[in-house]
Amino acid sequence: MPQGHIARKRFGQNFLSDPNIIRKIISSIAPKPGQAVVEIGPGLGALTQPLLVACGHLHVVEIDRDLIARLKQTYTPEQLTIHEGDALKFDFASLPALLRVVGNLPYNISTPLLFHFAGYAERVEDMTFMLQKEVVQRMVAEPDTEEYGRLSVMLQYRFYMDSLFDVPPGAFRPAPKVTSAIVWMKPRPASECACKDEALMARIVTAAFGQRRKTLRNTLREWLDEEDFAALGINPQARGETLAVADYVRIADHIAAKR
Ligand code: SAM
């Protein structure tokens with residue numbers, strides 16, 4: 001029972017307790033005074049405290065009322081601006097840009113959280129997250145690998161990403177069942193994310209990876225005929241996992257141009 005708090009599974013609570021790992025994460029983030037930093041899920045403050053020492057003030061988004069009450073007892077409003085509620089619904093545009101986003105994320109909602117953050121990429125300086133290692137592997141995966149999928153394509157389109165280091169289960173209380181990893185994400189400049197219709201690209205990517213074993217001719221038949229495949233120079237017999245991020249952008253732009 002970390003610091004007298006009973007960890008809540010439904011909020012994905014695994015609290016960091018290894019001081020070496022905490023130090024390593026903070027030095028990867030390298031927070032500086034005056035930077036706008038927001039921590040997702042501060043919990044019992046394992047990262048919050050050293051972040052505050054480094055940058056003086058912090059925004060935090062936390063859903064658990066008991067943990068919010070503790071944070072209010074421990075920190076002054078000058079140190080911590082507490083946003084009570086669900087990070088999935090939080091409007092990050094209400095915070096100052098350029099934001100540095102950090103957090104040991106609740107693993108049960110990590111994918112929807114990553115997509116939510118991607119919507120604010122223009123306001124973000126960078127993001128450093130602890131996630132399940134398996135999720136980080138999917139984020140940074142290359143084409144033609146088992147891990148490469150919708151998460152890889154949609155996040156690589158918007159961010160440069162780097163898997164920094166692994167964190168073993170023993171670094172947490174309670175210990176999770178899986179190994180974790182730290183990932184760093186830096187938004188690409190707008191000129192590099194120039195797909196004309198990103199919502200369309202998202203639908204195409206979802207369809208292409210929806211049934212991984214099917215050919216593109218099958219999964220993309222709603223949008224592309226044989227002529228389109230020929231014009232794009234893409235083999236209709238190939239599968240979604242063989243295409244690079246740039247190919248998905250080309251497909252979406254081709255369809256948008258036909259309309
Ligand atoms: N940062 C702490 C640490 O490293 O020890 C806690 C990390 S714990 C894995 C995840 C934290 O996110 C918990 O404090 C949990 O209450 C909070 N949380 C879970 N779901 C959330 C949500 N939807 N919005 C905001 N915070 C959430």
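Only heavy atoms go into these numbers, but all of them, side chains included; no hydrogens, no water, no symmetry mates. Atoms within each ligand, like the ligands themselves, are counted from 1 in listed order.
- For atom 8 (S) of ligand 1, the nearest non-hydrogen atom from the set Gly12, Ala46, Ala87, Gly103 comes from Gly12.
- Ligand 1 places these atoms under 4.0 Å from at least one heavy atom of Val61: 25 (C), 26 (N).
- Of the heavy atoms in Ile40, none comes closer than 4.0 Å to ligand 1.
- Note: Glu39 CD to Thr48 OG1 = 3.5 Å, rounded to the nearest 0.5 Å.
- Within the model, atoms CZ of Phe209 and CG of Leu151 stand 10.5 Å from one another, a figure rounded to the nearest 0.5 Å.
- Among protein heavy atoms, atom 26 (N) of ligand 1 sits closest to Ile63 N, 3.5 Å.
- The aromatic rings of Phe92 and Tyr120 sit perpendicular to each other, their planes meeting at more than 60°, with 30° as the lower class boundary.
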Begin with the C-alpha distance, continue with both residues' side-chain angles, and end with the deciding distance and a verdict on salt bridge (charged side-chain N to carboxylate O under 4.0 Å, His left out) for Asp126 and Lys186. CA-CA 5 Å; Asp126 68 352; Lys186 172 95 180 158; over 6 Å; no
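- The shortest distance between side-chain heavy atoms of Arg138 and Glu146 does not fall below 4.5 Å.
- Residue Leu67 approaches ligand 1 through these ligand atoms, each under 4.0 Å from one of its heavy atoms: 14 (O), 16 (O).
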Could you go step by step and tell me if Asp247 and Arg250 meet the salt bridge (charged side-chain N to carboxylate O under 4.0 Å, His left out) rule? CA-CA 5 Å; Asp247 292 324; Arg250 285 198 306 119; 3.2 Å; yes
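- Heavy-atom proximity to Pro42, at under 4.0 Å, picks out these atoms of ligand 1: 1 (N), 2 (C).
- The contact set between ligand 1 and Gln13, taken as ligand atoms under 4.0 Å from a residue heavy atom, comprises 13 (C), 15 (C), 16 (O).
- Some N or O of Gly43 is nearer than 3.5 Å to an N or O of ligand 1, by distance alone.
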List the steps and the verdict of side-chain contact (heavy atoms from CB on, under 4.5 Å) for Tyr75 and Ile82. CA-CA 10 Å; Tyr75 300 105; Ile82 303 174; over 6 Å; no
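- For Gly85, the heavy-atom gap to ligand 1 drops under 4.0 angstrom.
- The aromatic rings of Phe117 and Phe129 lie parallel to each other, with less than 30° between the two planes, well short of the 60° mark.
- Distances from atom 10 (C) of ligand 1 to the heavy atoms of Asp86, Asn108, Asn104 show the closest one on Asn104.
- Residue Asn14 places a heavy atom under 4.0 Å from ligand 1.
- Here the straight-line distance linking atom OG1 of Thr74 with atom CG of Leu44 works out to 9.0 Å at 0.5 Å rounding.
- At under 3.5 Å, not a single nitrogen or oxygen of Pro106, backbone or side chain, sits near a nitrogen or oxygen of ligand 1.
- The protein atom (non-hydrogen) at minimum distance from atom 19 (C) of ligand 1 is Phe11 O, 3.0 Å.
- For atom 12 (O) of ligand 1, the closest heavy atom belonging to the protein is Gly41 CA, 3.2 Å.
- The environment of CD in Glu122 is sparse: at most 12 heavy-atom neighbours from other residues, nucleotides or ligands sit within 6.0 Å.
- Judged by a 6.0 Å distance limit and a 45° cone about the ring axis, Arg150 is positioned over the six-membered ring of Phe115.
- Taking any N or O of Phe15, backbone or side chain, none lies under 3.5 Å from an N or O belonging to ligand 1.
- The Glu39 neighbourhood of ligand 1 comprises atoms 1 (N), with distances under 4.0 Å to a heavy atom of that residue.
- No hydrogens or angles considered: a donor-acceptor pair under 3.5 Å links the side chains of Glu192 and Tyr160.
- Between Leu44 and ligand 1 there is no heavy-atom distance shorter than 4.0 Å.
- Contact atoms of ligand 1 toward Asp64: 16 (O) (distance under 4.0 Å to a heavy atom of the residue).
- Considering both main-chain and side-chain atoms, Leu16 comes within under 3.5 Å of ligand 1 through a nitrogen or oxygen pair.
- By the 3.5 Å distance cut-off applied to N or O atoms, Glu62 is counted among the residues near ligand 1.
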